[in-house]
Trainee: 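One structure is given below, represented as C-alpha cells, and several questions about it will come after.
What you see is a predicted model; the values in this text were computed from it and never measured.
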Amino acid sequence: QVQPVESGGGLVQAGGSLRLSCTASERTFRSYGVGWFRQAPGKGREFVAAINWSGSSTRYTDSVSGRFFISRDDAKNTVYLQMNSLKPEDTALYYCAANDLGTARESNRLYRYWGQGTQVTVSS
C-alpha cells in the first residue's frame, strides 16, 4: 500500500511550464506503475500520462504528447510530470495514482492508490 502526494501545481500563463511531483514515503513506491490524471470542472477524470515501474515505458494522451513528459527518480521516490507549452484547456485538478501491476496503464480502474490532487490553472 502506498499513499501518493502531489505538489507543484499553480497559476501559469499560456505557453508557460510547470513541473508536478508525485511522491510517497513507502520505498515500495518504486515498484508501482504511476499515472497522472486530470479533471476539469464539469468533466470526467481523464488520463494524461503514465510510467511503468522501471521508467522504460511511458504513455501519453494525444492532447499532451510532445508537450508533457513523465519521468521518475527512484532515489527520491518521486514521479514527475513536466508540462510545457501549457494551454488554457490544460486547466484542471491533476491527480497522481499508483497501480500495483507496475505497468504504464491508461485506465483509471487499474489504479488503486490516489493522491488528493494539485490544481493547475493556465491563463490566456
Side-chain angles (χ1 to χ4, degrees):
Q1 183 173 350
V2 294
Q3 182 54 62
V5 178
E6 306 94 337
S7 62
L11 174 63
V12 64
Q13 288 189 332
S17 297
L18 281 175
R19 188 178 75 164
L20 305 184
S21 298
C22 173
T23 191
S25 60
E26 300 83 0
R27 288 179 59 87
T28 54
F29 186 61
R30 62 192 62 185
S31 69
Y32 285 73
V34 175
W36 285 96
F37 296 80
R38 65 187 181 186
Q39 188 165 16
K43 295 187 177 180
R45 191 171 299 186
E46 68 167 341
F47 168 76
V48 177
I51 190 167
N52 72 338
W53 70 275
S54 67
S56 63
S57 178
T58 58
R59 292 191 180 190
Y60 299 92
T61 192
D62 288 346
S63 62
V64 309
S65 183
R67 298 189 297 123
F68 291 12
F69 300 94
I70 189 169
S71 62
R72 66 191 306 158
D73 184 342
D74 288 339
K76 297 182 178 180
N77 245 24
T78 300
V79 172
Y80 301 101
L81 184 66
Q82 178 67 44
M83 306 187 296
N84 302 323
S85 302
L86 283 161
K87 304 175 181 180
E89 51 263 43
D90 294 318
T91 295
L93 187 61
Y94 282 72
Y95 297 91
C96 171
N99 78 70
D100 49 17
L101 299 171
T103 55
R105 309 300 291 267
E106 296 185 20
S107 173
N108 59 10
R109 292 175 295 178
L110 297 176
Y111 290 83
R112 184 180 300 185
Y113 308 106
W114 290 80
Q116 294 300 307
T118 185
Q119 179 67 39
V120 172
T121 303
V122 184
S123 63
S124 58

Trainee: Which distance, rounded to the nearest 0.5 Å, do you find between the CG of Asp90 and the OG of Ser63?
Mentor: 7.0 Å

Trainee: Please list, chain by chain and in numerical order, all residues satisfying side chain to side chain contact (heavy atoms under 4.5 Å, CB included) with Arg59, sequence neighbours excluded.
Mentor: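 If we apply the side chain to side chain contact (heavy atoms under 4.5 Å, CB included) test to Arg59, skipping adjacent residues, the hits are Phe47, Ala104, Glu106.
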
Trainee: Can you check whether Val34 reaches Cys96 side chain to side chain, under 4.5 Å on heavy atoms?
Mentor: yes

Trainee: Would you give the length of the straight line joining atom OG1 of Thr91 to atom CD of Gln119, rounded to the nearest 0.5 angstrom?
Mentor: 7.5 Å

Trainee: Which pair of non-hydrogen atoms, one from Phe29 and one from Val79, has the smallest distance, and what is that distance?
Mentor: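 Where Phe29 meets Val79 most closely, the heavy atoms are CE2-CG2, 4.1 Å.
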
Trainee: Please name the pair of heavy atoms, one in Gln116 and one in Leu93, separated by the smallest distance, quoted to 0.1 Å.
Mentor: O-CD2, 4.3 Å

Trainee: Can you tell me how far CG of Asn99 sits from CG of Asn108, rounded to the nearest 0.5 angstrom?
Mentor: 11.5 Å

Trainee: So, taking the atom named CD1 in Ile70 and the one named CD in Gln82, what distance separates them when rounded to the nearest 0.5 Å?
Mentor: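 Here the rounded value is 12.0 Å.
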
Trainee: Compare every heavy atom of Tyr32 with every heavy atom of Ala98, then report the nearest pair and how far apart it is.
Mentor: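 Heavy atoms of Ala98 and Tyr32 come nearest at CB-CD2, 3.9 Å.
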
Trainee: Would you say that Asp100 contacts Gln1 through its side chain, given a criterion of any heavy-atom pair below 4.5 Å between the two side chains?
Mentor: no

Trainee: Is there a side-chain contact between Gln39 and Tyr95, using heavy atoms and a 4.5 Å cut-off?
Mentor: yes

Trainee: Taking the side chain from Arg72 and the backbone from Gly55, do they hold a donor-acceptor pair closer than 3.5 Å?
Mentor: no

Trainee: Would you mind telling me which of Lys87, Met83, Arg38 makes a side chain to side chain contact (heavy atoms under 4.5 Å, CB included) with Val64?
Mentor: Arg38

Trainee: For the hydrophobic clusters of this structure (ILVMFWY residues joined by side-chain heavy atoms under 4.5 Å, transitively), does one cluster hold both Leu110 and Tyr60?
Mentor: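 No; Tyr60 is not reachable from Leu110 via cluster members.
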
Trainee: Considering all heavy atoms of both residues, which atom of Ser31 and which atom of Thr28 are nearest to each other, and what is their separation?
Mentor: OG-O, 2.7 Å

Trainee: Taking the side chain from Thr103 and the backbone from Arg105, do they hold a donor-acceptor pair closer than 3.5 Å?
Mentor: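 No, Thr103 side chain to Arg105 backbone: no donor-acceptor pair under 3.5 Å.
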
Trainee: Any side-chain heavy atom of Phe69 sitting closer than 4.5 Å to one from Thr58?
Mentor: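 Of all side-chain heavy-atom pairs linking Thr58 with Phe69, none is under 4.5 Å.
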
Trainee: Which heavy atom in Ser124 sits nearest to a heavy atom in Ala14, and how many Å separate them?
Mentor: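 Distance-wise, the nearest heavy atoms are CA-CB, 4.4 Å.
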
Trainee: Do Leu86 and Phe68 have side chains that approach each other closer than 4.5 Å (heavy atoms only, starting at C-beta)?
Mentor: yes

Trainee: Show the atom names and distances, to 0.1 Å, of all donor-acceptor pairs under 3.5 Å that link a side chain in residues 20-27 to residues at least two apart or in another chain.
Mentor:
from, atom 1, to, atom 2, distance (Å)
Thr23, OG1, Asn77, O, 3.1
Thr23, OG1, Thr78, OG1, 3.4
Glu26, OE1, Gln3, N, 3.4

Trainee: Other members of the hydrophobic cluster containing Trp53, with the 4.5 Å side-chain heavy-atom rule, please.
Mentor: none

Trainee: What are the two closest heavy atoms between Leu81 and Ala49, and how far apart are they?
Mentor: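 Heavy atoms only, the tightest pair is CD1-CB, 4.0 Å.
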
Trainee: Can you find a pair of side-chain heavy atoms, one from Glu6 and one from Trp36, that are under 4.5 Å apart?
Mentor: yes

Trainee: Establish, yes or no, whether the cationic atom of Arg19 lies under 6.0 Å from the six-membered ring centre of Tyr80 and within 45° of the ring axis.
Mentor: yes

